[in-house]
Amino acid sequence: MQPDNNPNDNIQIHDLHFTSLLSEAEVQKRVQELGAVLTERYAGQNPLFISILSGAFVFASDLMRAFKGNCEVGFVKLASYAGTRSSGSIQTVMGIEKNLRGRHVIVVEDIVDTGRTLHFFLNQLQIQEPASICTVSILRKPEAAAFPVQIDYVGFDIEDKFVVGYGLDYEGLGRNLPGIYQLQENIA
Ligand code: XMP
Ligand code: MG
């Protein structure tokens with residue numbers, strides 16, 4: 001078992017410096033709360049969690065284990081990011097193999113930044129006529145919102161700064177950090 005993050009922890013990934021934003025304990029507490037809310041809402045309904053890869057796999061794995069009752073999981077891979085900036089276009093790299101018609105779908109995201117990714121994916125999802133769709137994201141950057149998307153359950157609203165950890169990466173690294181770290185700007 002790893003010790004809780006020191007809130008003053010600074011880390012370096014490649015060329016960038018990050019500072020602790022949310023400790024492992026804070027993240028886990030919130031995930032349990034969200035799991036409890038979903039457990040109540042979907043009692044007896046066998047919902048399908050759809051995790052958007054890659055970043056959301058860590059959150060989805062914790063969230064579905066915080067869900068008490070029958071549930072299933074599926075994965076889609078969308079790509080929009082290069083380095084620390086969201087690129088303009090979204091691609092479906094891997095689609096979902098399950099039949100979604102009539103299913104209660106819980107879309108699990110790691111972070112909603114501009115909203116472009118989720119906006120794109122929800123449009124695709126609607127076509128498959130699920131019985132219901134709800135959206136959950138562990139992080140949201142409200143200042144960055146550019147696309148109209150409803151996020152039913154948000155873990156934490158954060159500043160519009162690049163973050164890593166808990167599934168989120170900078171150039172491939174940082175996904176295994178149990179807490180969440182924010183980019184330190186203007187550091188010498
Ligand atoms: P949009 O702008 O489409 O962005 O809402 C959502 C996707 O972009 C990635 N993203 C980030 N990844 N740190 C990351 O490691 C961040 O601060 C960040 N902001 C957005 C992420 O993959 C998300 O699904
Ligand atoms: Mg990424």
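Heavy-atom basis, side chains included; hydrogens, waters and symmetry copies ignored. As the structure lists them, so they are numbered: ligands from 1, and atoms in each ligand from 1. The model shown is predicted, which means the values in this text are computed figures rather than measured ones.
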Please check: side-chain N/O of Ser137 versus main-chain N/O of Arg140, any donor-acceptor pairing under 3.5 Å?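 No, Ser137 side chain to Arg140 backbone: no donor-acceptor pair under 3.5 Å.
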Does Gln12 use its side chain to pair, donor to acceptor, with the backbone of His14 at less than 3.5 Å?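 Flag set: sc Gln12 to bb His14 pair under 3.5 Å.
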For ligand 1 and [X], I'd like to know whether there is a polar contact (N/O to N/O, distance under 3.5 Å).
| X | result |
| --- | --- |
| Val163 | yes |
| Asp113 | yes |
| Gly115 | yes |

Do Asp62 and Tyr166 pair up side chain to side chain, a donor and an acceptor below 3.5 Å, judged on atom types alone?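 Yes - a donor-acceptor pair under 3.5 Å links their side chains.
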Mark the output for Lys141 as yes if a heavy-atom distance to ligand 1 is under 4.0 Å, and as no if none is.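 The answer is yes, since Lys141 has a heavy atom less than 4.0 Å from ligand 1.
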Interfacing atoms of ligand 1 (cut-off 4.0 Å, heavy-atom, [X]):
| X | result |
| --- | --- |
| Glu109 | 24 (O) |
| Thr114 | 1 (P), 2 (O), 3 (O), 5 (O) |
| Arg116 | 1 (P), 3 (O), 5 (O) |

Can you figure out which of Leu183, Ile111, Leu139, Val112 has its heavy atom closest to atom 23 (C) of ligand 1?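 Among Leu183, Ile111, Leu139, Val112, the closest heavy atom to atom 23 (C) of ligand 1 comes from Ile111.
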Out of Leu118, Thr117, Ile52, Leu168, whose heavy atom sits nearest atom 7 (C) of ligand 1?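 Result: the heavy atom closest to atom 7 (C) of ligand 1 is in Thr117.
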Glu40 CD: over 12 foreign heavy atoms closer than 6.0 Å: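 Open: at most 12 neighbouring heavy atoms sit under 6.0 Å from CD of Glu40.
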Does only the side chain of Val164 get under 4.0 Å from ligand 1, or the backbone, or both, or neither? Count heavy atoms.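 Under 4.0 Å from ligand 1, Val164 contributes no heavy atoms.
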If you measure from the Lys or Arg side-chain nitrogens to the Asp or Glu carboxylate oxygens, is any gap between Glu33 and Arg30 under 4.0 Å?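 Yes.
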So does Glu159 pair up with Lys161, basic N to acidic O under 4.0 Å?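 Salt bridge flag = yes for Lys161 with Glu159.
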Which of parallel (below 30°), tilted (30 to 60°) and perpendicular (above 60°) describes Phe162 and Phe18?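 If you compare the ring of Phe162 with that of Phe18, the planes turn out tilted.
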